[in-house]
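Working notes, structure below.
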Amino acid sequence: LVGPITGEEVNRAQRMIDDAIRERGANFICLWLDTEGGAPAESARLAVYLATALDAAEVRTVAYVPNLAGADAALIALACDELVMAPRAVLGGGWNPAPSEDQVRELSQIVRETLAPGKSRSWSLPTAIVDPDLEVFAYQRLEDMKYVEYFCEQEATEQSEPDAWQKGDAITTPGTPLLVTGTVATELWLADHEAEDFTSFKAHYGLENDPDLLEPGWADFLVDALASPPVAVFLLVIGLTALYVEMQIPGIGIGGFCAAVCFSLIWRFLISN
């Protein structure tokens with residue numbers, strides 16, 4: 001996913017991943033992200049798909065961020081089983097425009113109730129990427145002061161033994177969405193590994209060759225075109241006209257064939273939406 005996130009890009013990504021798993025038996029999906037985000041609802045939709053629709057026991061998903069997964073795109077990265085970043089790559093920040101209160105509330109709920117539980121992550125730091133007012137602190141476990149987790153005060157009280165933790169320094173800056181580099185993200189347990197380049201990424205996962213690149217083909221562009229309401233209306237008009245012509249001519253002719261094709265494509269549009 002390179003460039004601004006769009007609904008079409010999300011639809012295409014989900015479709016290609018599903019096809020790779022179903023038709024080719026793929027069990028390792030690397031999602032290469034170099035994007036500033038730009039569509040919170042669409043990024044959240046793809047993130048929920050990655051976190052809930054794929055069985056981690058059968059398919060491992062890894063997000064690779066060589067440069068940027070900004071704003072809402074960070075949710076996509078964090079929805080994968082693992083996140084690998086270049087040391088100077090950026091995760092979060094860059095909201096333009098800033099999310100509305102409704103968006104903050106909806107995205108925060110998705111992180112807390114779906115993404116974090118689905119990947120066994122703490123929800124405070126990912127939520128701080130979308131909620132600039134959420135304050136997150138480092139908490140040390142009293143039994144082992146070297147063990148540190150990162151919670152907001154609410155999540156700290158939700159721990160099974162809240163008194164077993166000691167509150168430390170603030171990690172976030174009030175009024176500013178969380179933005180971290182790959183090195184800091186690894187230190188904060190947001191990212192799992194650092195990789196200077198894709199060669200290092202492949203070496204870490206024992207990949208001798210580059211994974212197959214999933215790219216949209218003509219069928220993908222056709223499906224996207226059919227998802228356009230104007231195209232569906234056009235097909236409906238053509239289909240009805242062809243059906244009328246067919247009813248005026250005895251036997252089964254070209255009109256019936258055209259009508260069948262048009263209505264089949266319209267049905268594809270309806271089930272895709």
Side-chain angles (χ1 to χ4, degrees), residues 1-6 9-10 31-48 50-51 61-138 148-152 154-155 169-195:
L1 292 172
V2 178
I5 299 293
T6 65
E9 290 287 338
V10 169
L31 195 63
W32 183 309
L33 290 163
D34 193 356
T35 170
E36 66 272 26
E42 299 302 334
S43 292
R45 182 161 64 90
L46 181 55
V48 170
L50 292 167
T61 56
V62 180
Y64 173 59
V65 181
N67 296 300
L68 173 66
D72 50 279
L75 300 181
I76 301 174
L78 293 170
C80 293
D81 297 324
E82 297 180 21
L83 169 57
V84 179
M85 299 178 64
R88 291 169 294 281
V90 173
L91 181 73
W95 290 87
N96 186 24
S100 66
E101 291 184 5
D102 288 342
Q103 285 178 317
V104 169
R105 182 167 55 253
E106 292 171 3
L107 293 174
S108 297
Q109 183 177 3
I110 289 172
V111 171
R112 290 182 56 181
E113 298 181 1
T114 304
L115 302 188
K119 298 303 175 183
S120 301
R121 296 181 184 271
S122 166
W123 57 262
S124 294
L125 282 175
T127 303
I129 291 175
V130 302
D131 186 353
D133 297 321
L134 186 67
E135 295 185 84
V136 182
F137 302 86
V148 181
E149 287 280 5
Y150 303 94
F151 306 130
C152 65
Q154 179 180 344
E155 188 174 15
D169 296 335
I171 302 300
T172 57
T173 302
T176 303
L178 182 67
L179 182 154
V180 292
T181 64
T183 297
V184 175
T186 305
E187 294 172 354
L188 297 179
W189 305 90
L190 283 171
D192 297 274
H193 309 287
E194 292 181 61

Contact check, side chains of T127 and R112, non-hydrogen atoms, under 4.5 Å: yes
Rounded to the nearest 0.5 Å, the CG atom of L75 sits from the CG atom of L91 at a distance of 9.0 Å
Nearest 0.5 angstrom please: L68 CG to R88 CZ, how far? 14.5 Å
Side chain to side chain, I129 and L78, heavy atoms closer than 4.5 Å: yes
S122 and E149: side-chain hydrogen bond (donor to acceptor under 3.5 Å, both in side chains), yes or no, with the steps? CA-CA 8 Å; S122 166; E149 287 280 5; 5.3 Å; no
With side chains defined as the heavy atoms from C-beta onward, is the minimum distance between F137 and S124 less than 4.5 Å? no
Of the non-hydrogen atoms in P87 and A195, which two are nearest, and what is the gap between them? CD-O, 3.8 Å
Might you point out which heavy atoms bring G93 and L179 nearest each other, and give the distance in Å? CA-CD1, 3.8 Å
Please find the pair of heavy atoms, one from W95 and one from L107, that lie closest to each other, and give the distance. CH2-CD1, 3.9 Å
Do any N or O atoms from the side chain of T35 and from the backbone of G3 form a donor-acceptor pair under 3.5 angstrom? yes
Do you know the tightest heavy-atom contact between A47 and A79? O-CB, 3.2 Å
Decide yes or no for P117 and W123: does some side-chain heavy atom of the first lie under 4.5 Å from some side-chain heavy atom of the second? no
Is there a side-chain contact between L178 and L190, using heavy atoms and a 4.5 Å cut-off? yes
Among side-chain atoms of T6 and E42, is any donor-acceptor pair under 3.5 angstrom? no
For the residue pair I171 and A138, what are the closest heavy atoms and their distance? CG1-N, 3.9 Å
Minimum heavy-atom separation for S43 and A73, please, with both atom names. OG-N, 4.0 Å
Could you check if a side-chain atom of E9 sits within less than 4.5 angstrom of a side-chain atom of L1, using non-hydrogen atoms only? yes
Rounded to the nearest 0.5 Å, the OG atom of S108 sits from the CG atom of L134 at a distance of 7.5 Å
When rounded to the nearest 0.5 angstrom, what is the spacing between CD1 in I76 and CZ in R45? 10.0 Å
Enter the distance from K119:NZ to C80:SG here, rounded to the nearest 0.5 Å. 7.0 Å
Can any side-chain N or O of T61 pair as donor or acceptor with the backbone N or O of D81 at less than 3.5 Å? yes
Starting at OG1 of T172, measure out to CD of E135 and round the result to the nearest 0.5 Å. 6.0 Å
